[in-house]
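Numbered from 1 within each chain, the chains take letters A, B, ... in sequence-line order.
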Number of protein chains: 2
Amino acid sequence: MATQDRLIESTQELLWERGYVGTSPKAIQQRAGVGQGSMYHHFEGKPDLAAAALRRSAEQMRALAEADLAGPGTAYERVASYLGRERDALRGCRIGRMAQDPEVVADPRLRAPVEETLGWLRGRIAEVIAEGQAAGELRPGAEPADLAAAVVAVVQGGYVLARAADSAEPFEQAVRGALALLAAHRRD
Amino acid sequence: MATQDRLIESTQELLWERGYVGTSPKAIQQRAGVGQGSMYHHFEGKPDLAAAALRRSAEQMRALAEADLAGPGTAYERVASYLGRERDALRGCRIGRMAQDPEVVADPRLRAPVEETLGWLRGRIAEVIAEGQAAGELRPGAEPADLAAAVVAVVQGGYVLARAADSAEPFEQAVRGALALLAAHRRD
DNA sequence: GTCTATATGGTGATAGAC
DNA sequence: GTCTATCACCATATAGAC
């Protein structure tokens, strides 16, 4: 694997595990098995490398979500497929995690992939819900964008609850709760 | 105000703004207007001071939530009061934020107030929901603990969406979405 | 392209005077 | 109790040899 790719992949892992402030160039180099100068040859610095890593993580997250949401089945089933996908609750979300970091939020190059990915996800789920309403499967009235934001928030917040409890259980409870509410929201 | 209190309060603010890794003893001292030695006289070190600050934030968060949840009204109204409380979405949750930090999660003294507060909150909301079910106000069948976890996750996840978007809007959407789902979950 | 050496400033804490 | 030194180490980067 090329040096750039090893650097990007190591940075993806470290950002996920330790966040942006907690990730040092030195740690990246060591995990990638690469010297100081090599990193600064391929990237301008930590922000540049982190931006590349976040763009790649964003692509991957989007592909995973799209696989669930574009699948067969009713609107409820597709959203349920997204919500119920197997996740490592204690690891959290590679993208959502970044939103807590002030340095990420303050740097447009770092925030952009985070904003775009979560924004796209909310929009995509809102589409599915709107389709369900149009097909008469889901009750009309509720704003699809609101329901979609709630669905995404349950996942992101579920990670918070799981890490706080050091257990996947609250994450699974939150997903089950959201599914119960959505299921009851179908038309009879 | 006593020196200890100024140190604790400054630490509460900095933990909220910058997280645990991003908060240095030096920054705490400067904000509190206190010298190096003074801080180490009153506290053993950064973890000790952070633990004190987190315990205080936890108490405050709990009191705020209880004020909404113990209020008058139906179960739906009390949960809606909690969900709809005015919040600074871009600041996020003082307690939930800590769950992202590996050093907090790894240190039992730091994780304890986070775990206990969010655990208490889920349990307290589950009680309210169970009361609503018993009173025939809410549909039976759904597990109160699951619905409660979903409610708390919507708030915690709403903060993530807001910070990612650099706008309070997605937070408010998520809350509206959760309220719409809960409202439809009442018995007719 | 990759390496080692070096630089500047911050982190978290201790020592000891006052 | 509070202050100012001082410390060892890490973060982030630059310089320049190979």
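In this model, no donor atom of one side chain and acceptor atom of the other lie less than 3.5 Å apart for A:Q156 and B:Q156.
Atom P of nucleotide D:dA15 and atom CE of A:M39 are separated by 16 Å, given to the nearest angstrom. A:Q4 places its CD atom 7 Å from the P atom of C:dG1, with the value rounded to the nearest Å. Between the CG atom of B:L14 and the C1' atom of C:dG12 there is a distance of 15 Å, rounded to whole Å. Rounded to whole angstrom, the span from the CD1 atom of A:I28 across to the P atom of D:dA11 amounts to 11 Å. The interatomic distance linking B:R6 (CZ) with D:dG1 (P) rounds to 14 Å, in whole Å. One atom, OH of A:Y20, and another, C1' of D:dA11, lie 12 Å apart when rounded to the nearest Å. Atom-to-atom, CD of B:Q29 to P of C:dT11 comes out at 10 Å; the value is rounded to the nearest Å. Rounded to a whole Å, the NE2 atom of B:H41 is 15 Å from the C1' atom of C:dG16.
B:K26 has no side-chain polar atom (N or O) that falls below the 4.0 Å cut-off from OP1 or OP2 of C:dT11.
Stacking of A:R87 on the aromatic ring of A:Y82 is recorded, both the 6.0 Å distance cut-off and the 45° axial limit being met. The cationic atom of A:R91 (NZ for Lys, CZ for Arg) lies less than 6.0 Å from the six-membered ring centre of A:W16 and within 45° of the ring axis. Cation-pi geometry between B:K46 and B:Y40 is not met: the NZ or CZ atom fails to fall both under 6.0 Å from the ring centre and inside 45° of the normal.
Along DNA chain D, the nucleotide nearest B:G35 and the nucleotide nearest A:G22 are compared for position; the residue whose nucleotide lies closer to the 5' end is B:G35.
For B:T3, whose side chain is taken as the heavy atoms from C-beta onward, the closest listed nucleotide among D:dA13, C:dT14, D:dT2 is D:dT2. For B:S38, counting side-chain heavy atoms from C-beta on, the closest listed nucleotide (D:dT2, D:dA11, C:dA13) is D:dT2. The side chain of A:P47 approaches D:dA13 more closely than any other nucleotide in the set C:dT2, D:dA11, D:dA13. Side-chain atoms of A:V34 lie closest to C:dC3 of the nucleotides C:dC3, D:dC3, C:dA13. For A:H42, the listed nucleotide lying nearest its side chain is C:dG1; candidates were D:dT14, C:dG12, C:dG1.
Residues B:L147 and A:G177 approach most closely at CD2-O, 3.6 Å, considering heavy atoms.
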